[in-house]
Amino acid sequence: MKKYAAIVLAAGKGTRMKSELPKVLHKVAGTPMLGHVLGALKALKMKRTVVVVGHGSESVRAEFAGSGVEFVEQKEQLGTGHAVLSAMGALKGFKGSVLVLSGDVPLITASTLKGLLRLHNRGQGQGKKGAALSFISAILYDSTGYGRVVRDEQNSVTGIVEQKDCTPMERLINEINTGFYIFDSDFLQKSIKKLKTENAQGEYYLPDLISMAVKEGRGIRALTHIDVLEVMGVNNRVELSRASAVMRLRILKDLMLSGVTVIDPGATYVDATVKVGRDSVIYPGVHLEGSTVIGKECRIEEGVKITDSRIGDSTTVKSSSIVESSSVGKGATLGPFARLRPGNALGAEVRIGNFVELKKVRMGRGSKAGHLSYLGDAVIGSGVNVGAGTITCNYDGKNKFITTIADDAFIGSDSQLVAPVKVGKNAYVGSGTTVTKDVPAGALVVARVEQKIKEGWVAKKGLIIDTFKEDKKDKKKKRGK
Ligand code: UD1
Ligand code: CA
């Protein structure tokens, strides 16, 4: 079987991005561009994958540490040819085919790369040596910025000319080099050292190997790719947004074909890393991010943002809710306007209503906090009713404390639970109570000023206001004007 290694070029600064962040770390649908390229490569089962890093190499290495790739440093960015040269040391003694790809072409797919391998291997063994290299070209309506593919009268490729080196005639060529190549390792080892910098940018151009192979009479093959979006390089933020839009639609198409309803794919933002179960419905303006997993038959309404969370089957997340690093059981309802900060684990059938904020809350099956509450650092059992306006006072300015509410307790509206404090099973907290001491199971606690009635007090004070009369007076005044 043929052996393959890959070199991924990711050392460039990405000047045109105008950014502190290395270009290949800019995200497309939640994943850095380089991550998408490595993802496509993964399906090809490379023996080795060498990533050439340079600009911001520390952050690139950190991001992809443990992903099974090797890194080599290109200290000075002297061009794509020099970048490949930097990687050759790591591949010393490797015999087979070397795939070279750019880290800034995030839409590339495994199937296209497989096509390139197939093309390159076709007829291998017929000639003495087979093709020296194969590459992917594309026909673009606007080829500005790309290397142009130059062909002779027989339509055979003779070389690549970079934008800045093009004659006015060459500039009109709309077949471009996509930056994906596969080389015979012997040819690459030998030829990469021969590159020169006699060009407009004074750089070592990797594509010059194509004219070199042609001049040596070695075979080369070009795969002309028709999905021009797939091979689009990202060099600035306009292209970044374009690539993101294509990636988003690709992700949503897969979701829709797997049985998820997406009401408006143009206005729905789902990361490549997210999973959504069948018969779930996603409304416009929804953002699903990171490691989020949404179950089956869920309903995720307008303007909801869910990050790194698990949502159980048949759960509804109503409009404008935010969920971060939390898990929610089956058949629950959140929102509208619920805010789950990180660290919540909510059971099945819980109800979290409008303007309820949760942080590090464990809540058992069927418990409810319907309106206007802050619950933080709380352990809440099942069947608990947390009344409107309840607040856990979890912070004394220095430390955080736990509030524990046992099963089936009832917390009356507008109560404060001053942690650390426990409310026992089936206990009942009267409305407006400030709970400062533990409440035993089954007890009632009320802590508020007793109600006093003074009959006729308002009249005695001369404070009676007849709103209706006042209104009429006002209107008369206005009309009189
Ligand atoms: C390159 C090709 C061009 C092709 C285009 C396709 C060259 C000279 N030109 O141009 O023919 O049409 O890609 O997208 O190769 N890099 C390094 N070290 C360096 C220089 C670049 O690692 O010294 C990396 C970059 O990080 C990037 C990739 O190589 O991931 C391509 O470099 P870039 O500067 O974007 O090349 P283009 O001008 O797009
Ligand atoms: Ca590029």
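Counting convention: from 1, in listed order, for ligands and their atoms alike.
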So, [X] versus [Y]: side-chain donor-acceptor pair below 3.5 Å or not?
| X | Y | value |
| --- | --- | --- |
| Asp142 | Thr144 | yes |
| Tyr395 | Asp377 | no |
| Arg299 | Tyr283 | yes |
| Glu230 | Thr109 | yes |

Grab the two heavy atoms, one from [X] and one from [Y], that are nearest each other, plus how far apart they are.
| X | Y | answer |
| --- | --- | --- |
| Pro106 | Met247 | O-CE, 3.5 Å |
| Glu301 | Ser319 | OE1-N, 3.1 Å |
| Ser185 | Phe94 | OG-O, 3.5 Å |
| Leu107 | Arg250 | O-NH2, 2.7 Å |
| Val157 | Val214 | O-CG2, 3.5 Å |
| Thr390 | Leu375 | CG2-CD2, 4.4 Å |

Closest candidate by heavy atom, reference [atom], pool [options]:
| atom | options | result |
| --- | --- | --- |
| atom 11 (O) of ligand 1 | Gln163, Glu239, Glu162 | Glu162 |
| atom 20 (C) of ligand 1 | Gly79, Ala83, Pro22 | Gly79 |
| atom 17 (C) of ligand 1 | His55, Gln77, Gln74 | Gln74 |
| atom 12 (O) of ligand 1 | Val105, Asn177, Thr80, Ile160 | Asn177 |

Show me which atoms of ligand 1 lie under 4.0 Å from any heavy atom of [X].
| X | answer |
| --- | --- |
| Thr178 | 6 (C), 14 (O) |
| Gly147 | 3 (C), 4 (C), 11 (O), 12 (O) |
| Ala11 | 17 (C), 18 (N), 22 (O), 26 (O) |
| Gly103 | 30 (O) |
| Lys23 | 35 (O) |
| Asn235 | 35 (O), 39 (O) |

* Asked: So is Met33 in contact with ligand 1, going by heavy-atom distances below 4.0 Å?
  ->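 Met33 does not count as a contact of ligand 1 under the 4.0 Å cut-off.
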
For [atom], what is the nearest protein heavy atom, given as residue, atom name and distance?
| atom | result |
| --- | --- |
| atom 34 (O) of ligand 1 | Arg16 NH2, 3.9 Å |
| atom 28 (C) of ligand 1 | Ser102 OG, 3.7 Å |
| atom 30 (O) of ligand 1 | Leu9 O, 2.8 Å |

Got an N/O contact under 3.5 Å between [X] and ligand 1?
| X | result |
| --- | --- |
| Leu206 | no |
| Asp104 | yes |
| Gly12 | yes |

Under 4.0 Å between heavy atoms, the region of Met232 that gets near ligand 1 turns out to be neither

Task: atom 4 (C) of ligand 1 protein-contacted (non-hydrogen atom, under 4.0 angstrom) - done: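 Yes, at least one protein heavy atom sits under 4.0 Å from atom 4 (C) of ligand 1.
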
Would atom 36 (O) of ligand 1 count as contacted, meaning some protein heavy atom under 4.0 Å? no

Salt bridge (charged side-chain N to carboxylate O under 4.0 Å, His left out) assessment of Lys23 paired with Asp104:
CA-CA 7 Å; Lys23 176 162 76 175; Asp104 65 348; 2.8 Å; yes

Angle subtended at the Ca ion (ligand 2) by Asn235 OD1 and Asp104 OD2, rounded to 10 degrees:
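Between OD1 of Asn235 and OD2 of Asp104, at the Ca ion (ligand 2), the angle is about 80°.
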
Q | Donor-acceptor contact below 3.5 Å, side chain Ser241 vs main chain Val238 | A | yes

Could you please spell out the steps behind the salt bridge (charged side-chain N to carboxylate O under 4.0 Å, His left out) verdict for Arg148 and Glu175?
CA-CA 6 Å; Arg148 312 294 205 279; Glu175 185 182 8; over 6 Å; no

